[in-house]
Amino acid sequence: MATLKVYADRLSEPSRSVILFCKLNGIDFEEVKIDLSKLENQSPEYAKINPMKQVPAITHGDFNLFESHAILIYLACTFPDVAVHWYPTDVRKRVKLQSILDWHHFNIRRGSGLLILNLLGPFFGLPQNLEAAAQGEEIVVASLSKIDSIWLQENGKFLLGNDQLSLADISLATQVMQLQLLTEEEHNRIVGPFKKVKQWIEDVRTTTMPYFDDVHGDLFKLAAMANKQRANNSVSGS
């Protein structure tokens, strides 16, 4: 079979979902790091692979593809050893799953981006915008509420009441994990009220170990650095 290359930065939530899916399904791939902090995604070479200049993207032989959900669906449908629970063949189950993926980008992903980038702006070399961060927090809280009250209402451990993982679970779980960059107080305030969401994240993590923690390793390191910088700023400002 043609060589699969995954172009990714593990600090990117969608990148993590694609890498995690490949590891969980034993898909042989070459990971090519595109360092967003060094603007490697803006290079002319990378633009030939993904003209949108975002991550992730894949090449599979002479085939290029970008957008994480499209990539996940392609992988689920192309590699024969991928179990059907990831992307069901039953059309009604499939479109239910697709509805979550469609909802994801314009809700919790948008809110998380507004919250993290504007609250932690100085850490990323960007100006801090507390008004935009507050708007992002509102979207994140509303999104977590919908996950908690709509898609985690059934008896199953995972989204849509399923007993096994789907593409939606790893896509949304890697997104929610980005909130690890918040302070403990902020995280508890935003995520703490949603007990079903917290349990679901833990269920996804335990089901996908050891790959889950491995894929999120760079995020955990960045969160530790952010906490250290906050502590230093607190000491210097006291």
Side-chain angles (χ1 to χ4, degrees), residues 8-17 19-20 35-39 54-55 68 103-149 151-152 159 169-238:
D9 185 328
R10 292 192 181 199
L11 290 178
S12 149
E13 308 93 301
S15 291
R16 293 197 298 269
S17 69
I19 295 169
L20 181 58
D35 194 329
L36 297 180
S37 69
K38 297 178 181 178
L39 300 180
Q54 297 174 328
V55 291
S68 62
W103 173 87
H104 167 214
H105 273 307
F106 293 101
N107 290 276
I108 193 164
R109 176 153 177 75
R110 181 167 67 94
S112 176
L114 277 172
L115 174 61
I116 298 296
L117 290 178
N118 287 290
L119 191 63
L120 299 180
F123 187 79
F124 297 107
L126 301 170
Q128 188 178 57
N129 186 333
L130 295 180
E131 183 177 347
Q135 180 187 358
E137 181 173 334
E138 284 186 18
I139 297 171
V140 168
V141 169
S143 299
L144 292 173
S145 178
K146 286 183 172 61
I147 295 171
D148 195 82
S149 62
W151 289 309
L152 291 174
L159 297 175
D169 287 288
I170 60 170
S171 181
L172 268 66
T174 52
Q175 183 66 59
V176 174
M177 285 298 294
Q178 202 76 354
L179 300 177
Q180 294 292 320
L181 293 174
L182 301 173
T183 66
E184 183 177 1
E185 179 183 353
E186 291 163 344
H187 191 275
N188 289 340
R189 183 183 74 245
I190 294 170
V191 183
F194 303 105
K195 306 301 182 185
K196 292 177 186 174
V197 171
K198 292 175 65 178
Q199 184 59 55
W200 162 68
I201 290 291
E202 183 58 27
D203 288 338
V204 172
R205 178 178 177 269
T206 55
T207 304
T208 60
M209 286 292 283
Y211 304 119
F212 190 90
D213 281 1
D214 171 63
V215 167
H216 286 89
D218 288 350
L219 177 70
F220 296 148
K221 290 177 184 176
L222 182 61
M225 290 172 59
N227 286 331
K228 183 177 181 179
Q229 182 169 310
R230 290 186 188 105
N232 292 338
N233 290 344
S234 177
V235 170
S236 62
S238 60

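Counting begins at 1 with the first residue of the sequence.
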(message) How about CZ on Phe106, more than 12 heavy atoms from neighbouring residues, nucleotides or ligands closer than 6.0 Å, or not?
(response) no

(message) Under 4.0 Å between a side-chain nitrogen and a carboxylate oxygen: does that hold for Glu202 and Arg205?
(response) yes

Side-chain contact, heavy-atom cut-off 4.5 Å: [X] with [Y]?
X      : Y      : value
Glu13  : Met177 : no
Asp214 : Arg10  : yes
Leu144 : Val176 : yes
Thr206 : Phe212 : no
Leu182 : Ile116 : yes
Leu119 : Glu137 : no
Leu172 : Leu159 : yes

Flag, side chain of [X] to backbone of [Y], donor-acceptor distance under 3.5 Å:
X      : Y      : value
Ser143 : Ile108 : yes
Thr208 : Tyr211 : no
Ser112 : Arg109 : no

(request) Mind checking the NE2-CD spacing from His105 to Gln175? Nearest 0.5 Å is all I need. (result) 8.5 Å

(message) Just by distance, no angles: are the side chains of Trp200 and Asp169 close enough, under 3.5 Å, to form a donor-acceptor pair?
(response) yes

(request) Show your working on salt bridge (Lys or Arg N to Asp or Glu O under 4.0 Å) between Asp203 and Lys196 and close with a plain yes or no. (result) CA-CA 10 Å; Asp203 288 338; Lys196 292 177 186 174; over 6 Å; no

